[in-house]
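So the structure is just underneath, and the comments pick up after that.
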Number of protein chains: 2
Amino acid sequence: MVFIMDTQFWFDTLEKDSCRLTGARRAVVETIAHAHTSLTPLEVYDLARQIYRHLGLVTVYRTLEKLEELRLIQRVHQPGGCNAYISNANGHQHLLICESCGTSVYFEGDDLVALFDKVACQTGFEIKEHWLQLSGLCSKCKKS
Amino acid sequence: MVFIMDTQFWFDTLEKDSCRLTGARRAVVETIAHAHTSLTPLEVYDLARQIYRHLGLVTVYRTLEKLEELRLIQRVHQPGGCNAYISNANGHQHLLICESCGTSVYFEGDDLVALFDKVACQTGFEIKEHWLQLSGLCSKCKKS
DNA sequence: TTACTTGCAAACGTTTTGCACGATT
DNA sequence: AATCGTGCAAAACGTTTGCAAGTAA
């Protein structure tokens, strides 16, 4: 499956936040928007420098922070740590990650709202955020 | 609500793994087993030293690693990072955490199995692990 | 021009490692 | 007695900050 991610939406969102569209930011955005797996800051750095040689690691960190704030990317939490990021262009979604090859797939979680309401009612909490993530083996890795 | 956690179970589990029951490990276990919130390694260090003065931070890290391996504790993932741990003595459970005061509550997620089956079917993945965590405001913090 | 952005270097806090000593079984 | 565990010190690592120079609007 091949899909083209609309990076224009990312740039529009950045501009609305009065961010300047620099070479560094373009490179980071292109890199994450086209990635099929979650990427650590260092991985983003290596990949994005193929687009924009002068990029610094510090700028990657600052750009990731901004993109997360604008909800364009989300942190991916894995057993080994939670320092990887993935595109979130279509709003908050739930992730399913292959432990073996890192392939990431989104899935719907419509059933969850009822559960959240029930929990809120039982505990007296006001629920503000949730995150649900699954991991396992994708169909390819399952075979080998 | 007051509840006494059975630390004996923790020690039994450690012994089954041929671990020695030292003062350092006892202190770390007591600390986490009796905590009502998730604790970072440094917080465990500070609290556990009230029980065992000579404890070193390195030993806390190594003990946490062992306890996680034995599934006696689980990592808590929060927006700010994922370096806190919480007791997991009753098997895998789902967490609801207050953003304001850190109070943690467990909740049941029976409805989830059906969702996981659906996702597995749709994606071709074999789902091995899942991670669901909610955050918000507890009833006390909601008021103030 | 003005405000924002960048990259460098250095600082920082957390986590890991090597090692000799000490403790548990 | 043999093995395992400990604490210290130091190193490694990821991330953040201060700052002067550069760039977009």
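Below, chains carry the letters A, B, ... as their sequence lines are ordered, and counting in each starts from 1.
In this structure the side chain of E99(B) reaches within 4.5 angstrom of the side chain of E129(A), judged on heavy atoms. Between V119(A) and L96(B), some side-chain heavy-atom pair lies under the 4.5 Å cut-off.
Of the possible polar contacts, one joining the S104(B) side chain to the G102(B) backbone as a donor-acceptor pair under 3.5 Å is found. Panel note: side chain R71(B), backbone N88(B); no donor-acceptor pair is recorded below 3.5 Å. Side chain of R75(A) to main chain of C82(A): a donor-acceptor pair is present (N/O by atom type, distance under 3.5 Å, no hydrogens or angles).
Contact detail for C101(B) and C98(B): the closest heavy-atom pair is N-SG, 3.4 Å. When all heavy atoms of L55(A) and A48(A) are compared, the pair lying nearest together is CD2-CB, 3.4 Å.
Considering only side-chain N and O atoms, Y61(A) lies under 4.0 angstrom from the phosphate OP1 or OP2 of dT15(D).
Residues satisfying the side-chain hydrogen bond (donor to acceptor under 3.5 Å, both in side chains) criterion with D46(B), sequence neighbours excluded, are absent altogether. Partners of E43(A) by side-chain contact (heavy atoms from CB on, under 4.5 Å), not counting sequence neighbours, listed by chain and number: L39(A), T40(A).
Between E69(B) and K66(B) there is a salt bridge, with a side-chain nitrogen of the basic residue lying less than 4.0 Å from a carboxylate oxygen of the acidic one.
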Criterion side chain to side chain contact (heavy atoms under 4.5 Å, CB included) on L64(B) and I32(B), from CA distance to verdict: CA-CA 10 Å; L64(B) 290 175; I32(B) 301 188; 3.4 Å; yes
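Relative to the axis of its first five pairs, the axis of the last five pairs of the helix from dT1(C)-dA25(D) to dT25(C)-dA1(D) sits at 40°, rounded to 10 degrees.
Residues H94(B) and Y106(B) keep their aromatic ring centres 6.0 Å or farther apart.
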Contact pattern, 5' to 3', of nucleotides 17-25 of chain D - B, S or - by protein heavy atom under 4.0 Å: BB----BBS
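Chain A approaches DNA chain C over the interval dA3(C) to dA9(C), counting the first and last nucleotide 5' to 3' with an atom under 4.0 Å from its heavy atoms.
Less than 4.0 Å separates DNA chain C from at least one heavy atom of each of the following residues of residues 41-57 of chain A: Y52(A), H54(A), L55(A), G56(A).
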